[in-house]
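One structure is given below, encoded as structure tokens.
Source: prediction; values computed, not measured. Protein chains get the first letters and strands the later ones, always in sequence-line order, with residue 1 at the start of each.
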Protein chains: 2
Amino acid sequence: MDPHLLRTFVAVATTGSFSAAASELGYTQSAVSQHIAALEQTLGIAVLNRRPVTPTLAGERLLEHAGAILLRIEAARADVLRVVGEPPGAIVFAATPLAGAARVARALTRLRQDRPGLSVTFAVADRDEVARGVASGTYHLGLIDGVAAPSDPLKLPDVGPLRTSAVAQEKLAVVVPEEHPLAARRRIGLRALVDARWIDAPVVSAALDDLRAAVETDSLRPALTYTGADLLTLLELVAAGHGLAVLPVSAPVPAGVRRIIVDTPRLVHRTELLHGHLAEPAATALIGVLSSTSERSGPSGGSVVE
Amino acid sequence: MDPHLLRTFVAVATTGSFSAAASELGYTQSAVSQHIAALEQTLGIAVLNRRPVTPTLAGERLLEHAGAILLRIEAARADVLRVVGEPPGAIVFAATPLAGAARVARALTRLRQDRPGLSVTFAVADRDEVARGVASGTYHLGLIDGVAAPSDPLKLPDVGPLRTSAVAQEKLAVVVPEEHPLAARRRIGLRALVDARWIDAPVVSAALDDLRAAVETDSLRPALTYTGADLLTLLELVAAGHGLAVLPVSAPVPAGVRRIIVDTPRLVHRTELLHGHLAEPAATALIGVLSSTSERSGPSGGSVVE
DNA sequence: TCAGCTTACGCCGAGCGTAAATATG
DNA sequence: CATATTTACGCTCGGCGTAAGCTGA
């Protein structure tokens with residue numbers, strides 16, 4: 001279970017070819033073959049079928065672990081190296097689409113005033129990607145969003161210990177096309193909508209899975225799934241009547257769709273800041289700026305915006 | 001970041017000595033020294049202070065990761081080997097003290113009827129220990145308990161993917177000495193007790209941390225902490241007036257203490273069964289027996305006992 | 001037949017132990 | 001000065017590449 005062997009195994013399993021994995025990793029085909037042979041020998045069980053190259057049952061189980069293990073090792077290295085704390089001239093930043101580009105923009109403005117020379121890179125990615133990136137040191141800071149019970153932390157993928165701090169909590173809103181029969185309503189409970197047509201857009205809206213867990217129902221079946229990262233596209237799909245979606249109330253809503261506040265209790269949109277154990281000075285400053293963007297309320301911080 | 005080096009590092013850091021770690025691992029002192037040197041060289045930072053041997057700041061960070069990584073690797077191996085599925089003549093079983101020895105006893109009786117030759121080992125451990133043991137294959141099955149919101153899964157240590165299934169949910173009770181002013185009450189809210197004297201016994205009662213999270217208060221300060229695994233000792237401490245504790249209502253209560261049902265909503269005692277991805281036939285049978293011990297109710301299974 | 005994985009074999013370096021050197025309290 | 005870690009050094013074995021062998025579509 002040498003990490004090198006695991007890395008090779010992952011490469012072979014994902015490419016479906018020993019030779020492709022070899023060139024990807026900078027090995028010869030022979031070395032890759034030996035790696036897999038060694039892995040199978042120590043485990044005492046075959047992990048790959050040959051011709052065509054596919055994972056065996058055992059290999060599928062191993063594949064599920066291997067990525068996590070390699071990531072965990074990367075995260076450990078990044079975490080240890082953070083204590084050296086070289087002050088970066090640049091800061092790399094990632095956020096999920098709904099985590100509030102507006103909030104980030106405001107924070108960066110404040111940060112620029114304090115540290116004029118600082119170069120900032122800003123990336124958008126989905127929640128897992130942000131968490132993985134922050135853990136492994138690719139990003140210095142991450143901003144993620146999701147649906148949870150008030151003051152409950154968001155569920156993160158198993159990526160090792162990360163510091164999180166709540167940045168904001170706000171109510172949820174259902175977005176509906178303006179000709180929708182309910183469009184005139186100001187508030188509604190989610191349970192009243194379990195049989196509506198839904199768009200599942202886990203990247204740019206509340207994932208239906210999260211809503212389902214909160215409503216404790218097995219329905220909320222998606223009529224359409226949108227995996228893209230563009231909020232405007234989702235809103236156009238809603239306007240065109242393809243289904244409803246749930247967003248934080250602060251999300252911008254263009255013409256053609258209406259926003260109905262969700263008054264299901266114990267269900268809020270939450271934004272959290274993710275960072276490593278010891279953040280660099282610039283990051284620390286940014287944490288301060290982001291956190292102070294909204295007033296604190298309650299023991300776990302963050303404000304509730306309606 | 002070779003796992004061998006990590007293992008050596010953990011041994012040195014925990015024993016506080018190169019030579020002790022060497023004999024523990026079956027290496028020479030020299031090899032251990034070389035391991036640590038290699039680790040520090042690849043990381044580019046010292047992880048141990050010498051004379052006395054203590055982890056540096058970076059070493060403390062590494063230590064936090066190293067155990068988890070090694071455990072994760074063990075868990076992966078165990079998980080892969082489970083697909084071979086040799087039918088064990090013996091089954092090894094672990095449970096937390098409050099997870100219901102009575103329930104286990106009943107299940108084992110049923111199991112014995114089906115499989116007379118089966119040898120069963122039963123161990124008691126705390127929650128983390130059970131989770132770690134099941135993940136790494138030491139135990140085939142684990143039964144854990146804890147406090148959570150109804151139908152919320154228990155929080156597990158980061159130990160890799162484990163299958164869990166709810167076995168039971170029941171209400172909580174505060175146990176108080178019989179001369180306590182509130183002893184005659186049948187029900188009480190936790191908030192009314194935030195300023196009481198508490199005993200924090202995370203192994204054999206609801207951990208105060210869990211209660212605090214649910215009550216959303218920073219108080220509930222422990223007057224006494226009991227880390228032992230013996231429920232009777234805890235109850236004697238309660239009877240002697242050292243403080244209150246929260247238990248599931250089904251816990252046996254001897255003379256000298258009274259039980260007051262906690263009617264704080266959204267707070268239940270939950271018992272879950274833990275097992276690996278593919279359980280062996282015997283384990284599968286036991287899962288069935290344990291799960292059918294109580295009727296199912298609600299989408300996530302398990303019954304609510306008052 | 002041939003593309004692609006496996007096996008044979010030789011070389012180099014990693015890693016261990018023995019033993020001498022060194023540092024600390 | 002005693003105890004404990006580091007360094008020197010030689011040996012063995014693991015792991016990689018080259019090249020030949022094998023096998024299924």
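Distance CG (B:N49) to C1' (D:dA4): 15 Å, rounded to an integer number of Å. Rounded to whole Å, atom P of D:dC16 lies 11 Å from atom CG of A:L25. In this structure, B:Y27 atom OH and D:dT5 atom P are separated by 17 Å, rounded to whole Å. Rounding to whole angstrom units, CZ of residue B:R51 and C1' of D:dT3 are separated by 7 Å. For the pair B:E40 CD and D:dT5 P, the interatomic distance rounds to 13 Å; values are reported in whole Å. Here the C1' atom of nucleotide D:dG15 and the NE2 atom of A:H35 are 7 Å apart, to the nearest Å. Put simply, CZ on B:R50 is 13 Å from C1' on D:dT7, counting in whole angstrom units. With rounding to whole Å, A:I36 atom CD1 is found 15 Å from D:dC16 atom C1'.
For DNA chain C, the contact window with chain B, defined by any atom under 4.0 Å from a protein heavy atom, covers C:dC16 to C:dG25 in 5' to 3' order.
Using a 3.5 Å distance cut-off with no hydrogens or angles, the side chains of B:T138 and B:S136 do pair a donor with an acceptor. Residues A:T56 and A:N49 have side chains that never bring a donor and an acceptor to within less than 3.5 angstrom of each other. Residues B:S33 and B:Q29 bring no donor and acceptor atom of their side chains to less than 3.5 Å of each other.
In this structure, B:S19 reaches the D:dT5 phosphate: one of its side-chain N or O atoms is under 4.0 Å from OP1 or OP2. Dashed line: the shortest gap from a side-chain N or O of A:H4 to OP1 or OP2 of D:dG15 is not under 4.0 Å.
Contact of the B:H35 side chain with the B:Y27 side chain is registered, since non-hydrogen atoms from C-beta on lie closer than 4.5 Å. Side chains of B:D200 and B:L224 form no contact here, defined as non-hydrogen atoms less than 4.5 Å apart.
Note that CZ of B:F18 is 5.5 Å distant from CG of B:L48, once rounded to the nearest 0.5 Å.
Scanning for salt bridge (Lys or Arg N to Asp or Glu O under 4.0 Å) contacts around A:E60 gives an empty result, with sequence neighbours left out.
Salt bridge annotation for B:E64-A:R72: absent, with no cationic side-chain nitrogen under 4.0 angstrom from a carboxylate oxygen. Remark: A:R7 does not engage A:E74 in a salt bridge, criterion side-chain N to carboxylate O under 4.0 Å.
Take the nearest nucleotide of DNA chain D for B:Q34 and for A:A31: the residue whose nucleotide is more 5' is B:Q34. Both A:D2 and B:F18 sit near DNA chain D, but only B:F18 has its closest nucleotide nearer the 5' end.
Two end axes, each from the C1' atoms of five base pairs, can be drawn for the helix from C:dT1-D:dA25 to C:dG25-D:dC1; they diverge by 40°, to 10 degrees.
Taking only distance into account, the side chain of B:S30 meets the base of D:dT7 through a donor-acceptor pair shorter than 3.5 Å.
Residue A:V32 is out of contact with every strand shown, counting any heavy-atom pair closer than 4.0 Å.
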